Amino acid sequence: MEDPAQAFLLDVLKHRSASPCPDTQPYVTLSFAQSLDAKIAGAHGRQLILSGKESMIMTHWLRTMHDAILVGIGTALNDDPQLNVRYLPHPPETPYNLPRPIILDTDLRLSPTCKLLQNYQNGKGRRPWVICAASDDATPKPKGTSASTTTAETTSTGHHQYHPSEDIDKLLRKRSLEEAGARIIQVPTSQRRNVQGHADGTASRHLSIPEILTVLRDLGVRSLMVEGGAQIIRSFLAEPVVDVVIITVAPVLVGKDGTGYESPVVSLPAEGASPSQRRFVQKATRVFGKDAVVVLEAVTGGQSV
Ligand SMILES: NC(=O)C1=CN([C@@H]2O[C@H](COP(=O)(O)OP(=O)(O)OC[C@H]3O[C@@H](n4cnc5c(N)ncnc54)[C@H](O)[C@@H]3O)[C@@H](O)[C@H]2O)C=CC1
Ligand SMILES: Nc1nc(O)c(N)c(N[C@@H]2O[C@H](COP(=O)(O)O)[C@@H](O)[C@H]2O)n1
């Protein structure tokens with residue numbers, strides 16, 4: 001018999017195969033848990049368990065329905081997540097699909113001893129893919145992204161120049177991640193919103209979301225679940241790439257110091273907005289335990305995409 005969360009998700013995801021560009025980018029599901037005041041974490045990015053048991057099981061069903069699951073390096077460093085499906089009931093004869101973990105990690109800050117790599121080494125998880133900035137990327141780097149930024153100089157155009165020691169640092173980090181089992185994939189940084197601070201007070205360049213999606217589709221990823229954190233949610237919502245948003249709303253208030261993603265998921269198209277810009281409309285809502293799970297579908301010009 002189907003689990004209620006599994007049945008709910010199979011229904012809301014049934015239009016997956018009608019993704020607008022199935023050959024050029026994966027179907028993208030953005031999913032996270034938030035409080036009533038739209039916070040996804042506590043002050044300074046402190047991890048909060050917002051989902052109750054029932055909605056957490058829903059999230060694990062959602063994970064198993066995707067080829068890959070993506071988080072930002074802020075989340076990977078802060079939460080040390082496993083991104084697996086361990087809460088699913090009754091192991092079936094055929095094992096559940098384990099999504100491939102993908103980390104957006106511009107400057108390769110991921111720890112080689114993180115749980116995702118340990119699980120892979122122990123045969124309990126798929127090989128993590130770490131997406132970083134292409135090494136010939138000329139975008140200026142903000143302070144604090146690398147151990148060797150103190151060697152940076154500023155050119156007459158205001159761009160920073162870096163000494164080879166910085167590349168050596170990154171190469172060493174790349175090597176130790178590869179030795180721990182990670183596959184490193186390089187993509188260009190974004191022209192749109194390049195540098196932003198995040199919850200722990202540091203900042204780093206943003207990778208191009210459209211480029212990442214093209215690369216992932218080329219590598220065989222047909223469906224991608226994006227879990228966050230705050231900056232990743234903002235970046236994905238800023239591009240016309242998200243097909244469905246599934247938000248677990250926990251009946252708690254975190255307060256103004258909590259970490260929010262500050263992006264209106266449900267919005268009217270802005271005046272002068274590009275015709276391809278996506279807005280989201282409510283498709284289904286279901287209560288799991290204490291939480292409400294709200295499904296929003298992307299709409300372009302009044303039509304479902
Ligand atoms: N409640 C929930 O469902 C979830 C909560 N979280 C929370 O979110 C917090 C982490 O959020 P953040 O600090 O904002 O980190 P984040 O996880 O959003 O990672 C941001 C970092 O990713 C890298 N990056 C590369 N390309 C990027 C792009 N195009 N756009 C954005 N970032 C890009 C940059 O280094 C950037 O600093 C943690 O406290 C975590 O607990 C994370 C996931 C889900
Ligand atoms: N669905 C959901 N509810 C919450 O309350 C959460 N805090 C999160 N966080 C996300 O799940 C990751 C942890 O995953 P594992 O339990 O380690 O498998 C965390 O890093 C966030 O991405 N999600």
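In this chain, numbering begins with 1 at the start of the sequence shown. Both ligands and their constituent atoms are indexed starting at 1 by order of listing. Computed from a predicted model, the values in this text were never measured in an experiment.
Which parts of ligand 1 touch F32 is read off a 4.0 Å heavy-atom cut-off, strictly below it: atoms 3 (O). Heavy-atom proximity to I73, at under 4.0 Å, picks out these atoms of ligand 1: 19 (O), 21 (C), 22 (O), 23 (C), 35 (O). Those atoms of ligand 1 with a heavy atom of I209 less than 4.0 angstrom away are 29 (N). Within the listing of ligand 2, atoms 15 (P), 16 (O), 17 (O), 18 (O) sit less than 4.0 angstrom from a heavy atom of R86. For ligand 2, the atoms sitting less than 4.0 Å from at least one non-hydrogen atom of L50 are 4 (C), 5 (O), numbered in the order shown with element in parentheses. Within ligand 1, the atoms closer than 4.0 Å to a non-hydrogen atom of A33 are 1 (N), 2 (C), 3 (O), numbered from 1 in the order shown. If you number the atoms of ligand 2 from 1 as listed, the ones under 4.0 Å from a heavy atom of P81 come out as 12 (C), 13 (C), 14 (O), 17 (O), 20 (O). Close contacts of ligand 1 with G45, meaning ligand atoms under 4.0 Å from a residue heavy atom, involve 38 (C), 39 (O). Atoms of ligand 2 found under 4.0 Å from any heavy atom of A33 (numbered from 1 in listed order, with element): 2 (C), 3 (N), 4 (C), 5 (O).
Formation of a donor-acceptor pair under 3.5 Å by the D243 side chain with backbone atoms of T29 is not found in this model. For D37 (side chain) and G255 (main-chain N/O), a donor-acceptor pair under 3.5 Å exists by modelled atom type. Judged by distance alone, the side chain of S208 and the main-chain N or O of P188 form no donor-acceptor pair under 3.5 Å. At least one donor-acceptor pair closer than 3.5 Å links the side chain of T259 to the backbone N or O of G45. In this structure a side-chain-to-backbone donor-acceptor pair under 3.5 Å is missing from N122 to K124. S55 places no side-chain N or O within 3.5 Å of a backbone atom of F288 that could act as its donor or acceptor partner. Under a 3.5 Å cut-off, the side chain of R286 and the backbone N or O of V293 do not form any donor-acceptor pair. Judged by distance alone, the side chain of R126 and the main-chain N or O of L98 form a donor-acceptor pair under 3.5 Å. A donor-acceptor pair under 3.5 Å is formed between the side chain of R100 and the backbone N or O of R127.
P251 is listed as a side-chain neighbour of D291, based on a closest heavy-atom distance under 4.5 Å.
Of all protein heavy atoms, the one lying nearest to atom 6 (C) of ligand 2 is L48 O, 3.9 Å. Ranking the protein heavy atoms by distance from atom 2 (C) of ligand 2 puts S51 OG, 3.4 Å first. In terms of protein heavy-atom proximity, atom 17 (O) of ligand 2 is closest to Q82 N, 2.8 Å. At the shortest separation from atom 9 (N) of ligand 2 among protein heavy atoms lies E227 OE1, 4.5 Å.
The existence of a salt bridge linking R205 and D107 is confirmed by a sub-4.0 Å separation between a basic side-chain nitrogen and an acidic carboxylate oxygen. A salt bridge is defined here as a Lys NZ or Arg NE, NH1 or NH2 lying under 4.0 Å from an Asp or Glu carboxylate O, and D11 with K14 meets this definition. Salt-bridge annotation for R175 and E179: absent, with no side-chain N of the basic residue lying under 4.0 Å from a carboxylate O of the acidic one.
In terms of polar-atom proximity, defined here as any N/O pair under 3.5 Å, D80 makes no such contact with ligand 2. Considering both main-chain and side-chain atoms, I49 never comes within under 3.5 Å of ligand 2 through any nitrogen or oxygen pair. Inclusion of L83 in the set of residues having an N or O under 3.5 Å from an N or O of ligand 2 is warranted. For a threshold of 3.5 Å applied to N or O pairs, the pair formed by Y87 and ligand 2 contains no separation below that value. Of the N or O atoms in G229, one or more lie within a sub-3.5 Å distance of an N or O in ligand 1. Looking at L48 next to ligand 1, no N or O pair under 3.5 Å apart turns up. For the pair H60 and ligand 2, the shortest N or O to N or O distance does not fall below 3.5 Å. Considering backbone and side-chain N/O atoms, R63 comes within less than 3.5 Å of an N/O atom of ligand 2. The shortest N or O to N or O distance between T75 and ligand 2 is not below 3.5 Å. Looking at ligand 1, you won't find any N or O of Q34 less than 3.5 Å from one of its N or O atoms. Checked against a 3.5 angstrom limit, the closest N/O atoms of T75 and ligand 1 fall inside it.
Using 4.0 Å as the threshold, V71 has no heavy atom nearer than that to any atom of ligand 1. Note on ligand 1: N78 sits in its first shell, one or more heavy atoms being nearer than 4.0 Å.
Closest to atom 29 (N) of ligand 1 by heavy atom, among V226, I131, L207, is L207. Between atom 43 (C) of ligand 1 and the options E211, E227, R109, the minimum heavy-atom separation is to E227. One option in R234, Q231, H206 has a heavy atom closer to atom 28 (C) of ligand 1 than any other, and that option is H206. Between the choices S235, A133, A230, the shortest heavy-atom distance to atom 12 (P) of ligand 1 belongs to A230.
Once rounded to the nearest 0.5 Å, the distance linking CG of L216 with CD1 of I102 reads 4.5 Å.
Among I73, I232, T75, the one residue that satisfies the side-chain contact (heavy atoms from CB on, under 4.5 Å) test with L104 is I232.
The two residues I103 and A76 come nearest to each other via the heavy atoms CG2-CB, 4.0 Å.
Residue contacts with ligand 2 for D79 involve side-chain atoms from C-beta outward but no N, CA, C or O (heavy atoms, distance under 4.0 Å). Contacts between T248 and ligand 2 below 4.0 angstrom, taking non-hydrogen atoms only, are absent altogether.
Ring pair Y96/W61 is perpendicular by interplanar angle, where above 60° counts as perpendicular and below 30° as parallel.
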Legend entry - Audit row: L13, H66, side-chain contact (heavy atoms from CB on, under 4.5 Å) steps and yes/no: CA-CA 10 Å; L13 293 177; H66 289 81; 4.2 Å; yes
